[in-house]
> 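Before anything else, here's the structure in question.
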Amino acid sequence: MTTYAQVFQGTAFTSKSPRELQILKDYLFCINVDGMIEKIISPENKDYQSILNAYKDADNFHRLAEGQYFLPGFVDLHVHAPQWAQSGTALDIPLYDWLNTYTFPIESKFSDLAFAKKVYQDVVSTLLANGTTTALYFATVHKEASYLLAEICAKKGQRGLVGKVVMDNPDQNPEYYRDADTQTALADTEEFILAVKELAKSTKQGVYPVVTPRFIPSCTDEALKGLGDLAAKYDTYIQSHCSESDWEHSYVQDRFHKNDAFALHDFGLLKDKSVMAHCNFLNDDDADLFAETGTAVSHCPISNAYFANSVIPIAHLHSKGVEIGLGSDISGGFSPSLFDNARQAVISSRMLEDGVNTALPAEKRGVPNSRITINEAFYFATAGGGESLSLPIGCIAEDYSWDVQIIDTAQLPIYDANEELHDIFQKIMYLTRPENIREVWVQGDKVHSR
Ligand SMILES: [Zn+2]
């Protein structure tokens with residue numbers, strides 16, 4: 001018989017497709033030494049009983065208690081780690097003012113490594129406690145502090161994809177917070193890429209460097225071009241913000257006479273490993289370019305409600321074949337929970353479909369076919385995020401990483417011992433708080449428990 005590093009027994013919820021949930025009731029999940037799911041065994045399988053007998057009294061056997069369920073760990077495709085220090089602050093002012101009055105002053109403090117360490121340790125632990133096993137992070141312009149964030153992810157067991165932010169444009173960035181010049185920005189990025197690649201060699205769950213122009217306005221043409229070249233040279237991930245708000249969208253139109261998507265593509269920044277945050281104002285040509293290049297959209301529904309001046313037509317983009325995941329956008333979004341963001345994704349899509357202006361007749365109020373279901377929001381938070389990053393994560397399936405959260409429904413309003421598992425899943429998605437997340441595992445290792 002094959003030996004496994006761990007065997008788990010319990011019921012799991014995972015996506016079968018964007019709209020369909022798969023329920024694995026009372027299955028065995030056999031994990032190998034690399035933290036990958038090697039075998040998933042149904043109770044009807046002939047080997048079920050023999051494996052159960054072989055492992056059930058062993059230390060590496062874990063049986064879920066009654067009322068507990070496995071969910072895939074969440075993949076957060078857009079987090080500004082330093083902005084954890086300002087979470088919930090000043091969400092009543094426009095993006096441009098918010099950046100200049102609150103965000104840039106906070107981010108500039110990350111030249112101080114002691115301060116950076118404090119915030120970064122907290123944000124990584126907080127995301128893990130909220131079930132986020134993989135996160136795509138913007139750090140700051142500071143090379144050392146950005147590396148520190150990657151190290152903290154590596155140590156705490158989170159799969160972190162980290163970018164040193166580039167903002168070298170003197171016209172758009174304050175003197176106290178920007179790269180010294182374009183050459184320095186590119187040299188620092190290259191050094192950062194090499195250092196994180198080195199760190200990755202000793203990190204089981206993986207850490208990855210990400211080429212990170214903050215957004216087009218903050219970068220010179222030369223920097224954007226240089227970053228596209230670096231991403232190609234080292235085959236790295238790429239992240240930025242794209243067509244987020246009226247202001248940002250029209251700034252790019254004025255400068256390049258095209259939309260963000262085509263401007264970014266000109267600099268080699270739209271690829272299979274690219275993830276673009278927000279993307280509210282993508283038109284159909286932009287969306288086709290995303291689908292052709294394999295570029296993913298990070299949908300940040302809470303943040304969008306404050307700063308994006310619109311509801312993104314996410315169902316439409318998805319129907320055009322664009323890869324989509326969810327992002328918390330801390331702290332444009334105040335919540336570190338992808339449960340909260342999945343809920344908001346559904347709510348926003350319903351408001352887009354029905355419309356919001358009661359002065360209009362019902363048939364003129366909304367955009368038809370815009371709603372998404374909670375199953376789709378769950379898919380975006382898990383499997384969609386995994387696809388966006390082209391990593392074997394976000395599903396509870398063979399050859400995927402054992403990245404899971406164990407949800408305890410003891411405190412949820414479940415009063416019928418025979419309640420349908422589909423209904424229990426919906427209660428989990430709408431009502432789970434961090435206190436209901438008992439354990440979090442990444443790549444076969446327990447990284448959080450309460
Ligand atoms: Zn952002």
Side-chain angles (χ1 to χ4, degrees), residues 75-91 93-108 110 119-120 123 127 132 135-141 146 149 160-167 172-173 177-178 210-219 227 237-249 251-252 260-261 264 269 274-282 295-310 312 314 324-338 340-341 344-345 380 385 388-389:
V75 181
D76 189 334
L77 285 188
H78 191 54
V79 189
H80 293 270
Q83 294 177 20
W84 179 237
Q86 67 171 58
S87 233
T89 310
L91 296 172
I93 63 176
L95 180 61
Y96 186 85
D97 302 333
W98 182 78
L99 286 173
N100 285 286
T101 317
Y102 289 87
T103 310
F104 293 161
I106 280 271
E107 290 194 14
S108 72
F110 284 71
V119 177
Y120 286 165
V123 73
L127 289 180
T132 296
L136 178 54
Y137 288 110
F138 277 58
T140 60
V141 299
S146 302
L149 174 58
L161 299 89
V162 180
K164 172 233 158 333
V165 177
V166 170
M167 34 200 296
Q172 287 292 325
N173 302 305
Y177 186 54
R178 65 181 182 226
V210 186
V211 159
T212 307
R214 183 174 205 112
F215 58 169
I216 287 177
S218 65
C219 295
L227 290 174
Y237 288 95
I238 300 168
Q239 62 181 344
S240 193
H241 299 83
C242 178
S243 295
E244 173 173 4
S245 65
D246 285 317
W247 169 77
E248 188 272 340
H249 185 62
Y251 171 94
V252 176
D260 286 44
L264 289 164
L269 294 166
S274 301
V275 177
M276 294 295 150
H278 306 292
C279 303
N280 283 53
F281 292 90
L282 292 193
T295 302
V297 168
S298 168
H299 176 25
C300 307
I302 295 181
S303 173
N304 285 349
Y306 292 100
F307 294 121
N309 314 119
S310 58
I312 185 173
I314 204 70
I324 293 165
L326 274 191
S328 63
D329 193 19
I330 288 169
S331 67
F334 56 81
S335 174
S337 163
L338 282 196
D340 284 343
N341 277 281
Q344 185 64 45
F380 293 153
S388 299
L389 297 174

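All heavy atoms count here, side chains included; hydrogens, waters and symmetry mates do not. In listed order, ligands and their atoms are each counted from 1.
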> Suppose you place the vertex at the Zn ion (ligand 1); what is the angle out to His241 NE2 and Asp329 OD1, to 10°?
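NE2 of His241, the Zn ion (ligand 1) and OD1 of Asp329 span an angle of about 170°.
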> Verify side chain to side chain donor-acceptor pair (under 3.5 Å) between Asp329 and His278, making sure each step is shown before the conclusion.
CA-CA 9 Å; Asp329 193 19; His278 306 292; 3.2 Å; yes
> Taking both backbone and side-chain atoms into account, decide whether His80 has an N/O/S atom under 2.8 Å from the Zn ion (ligand 1).
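For His80, the answer is yes, given that an N, O or S atom comes within less than 2.8 Å of the Zn ion (ligand 1).
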> Quick check: does His78 put an N/O/S atom under 2.8 Å from the Zn ion (ligand 1)?
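Yes.
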> Can you confirm whether the side chains of Glu107 and Thr140 place a donor and an acceptor under 3.5 Å from each other?
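The criterion, which ignores hydrogens and geometry beyond distance, is not satisfied for Thr140 and Glu107.
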> Would you find more than 12 non-hydrogen atoms of other residues, nucleotides or ligands less than 6.0 Å from Phe104 atom CZ?
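Yes.
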> Do you see a donor-acceptor pair shorter than 3.5 Å between the side chains of Asp76 and Thr132?
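Their side chains do not contain a donor-acceptor pair, so the 3.5 Å distance test is not met.
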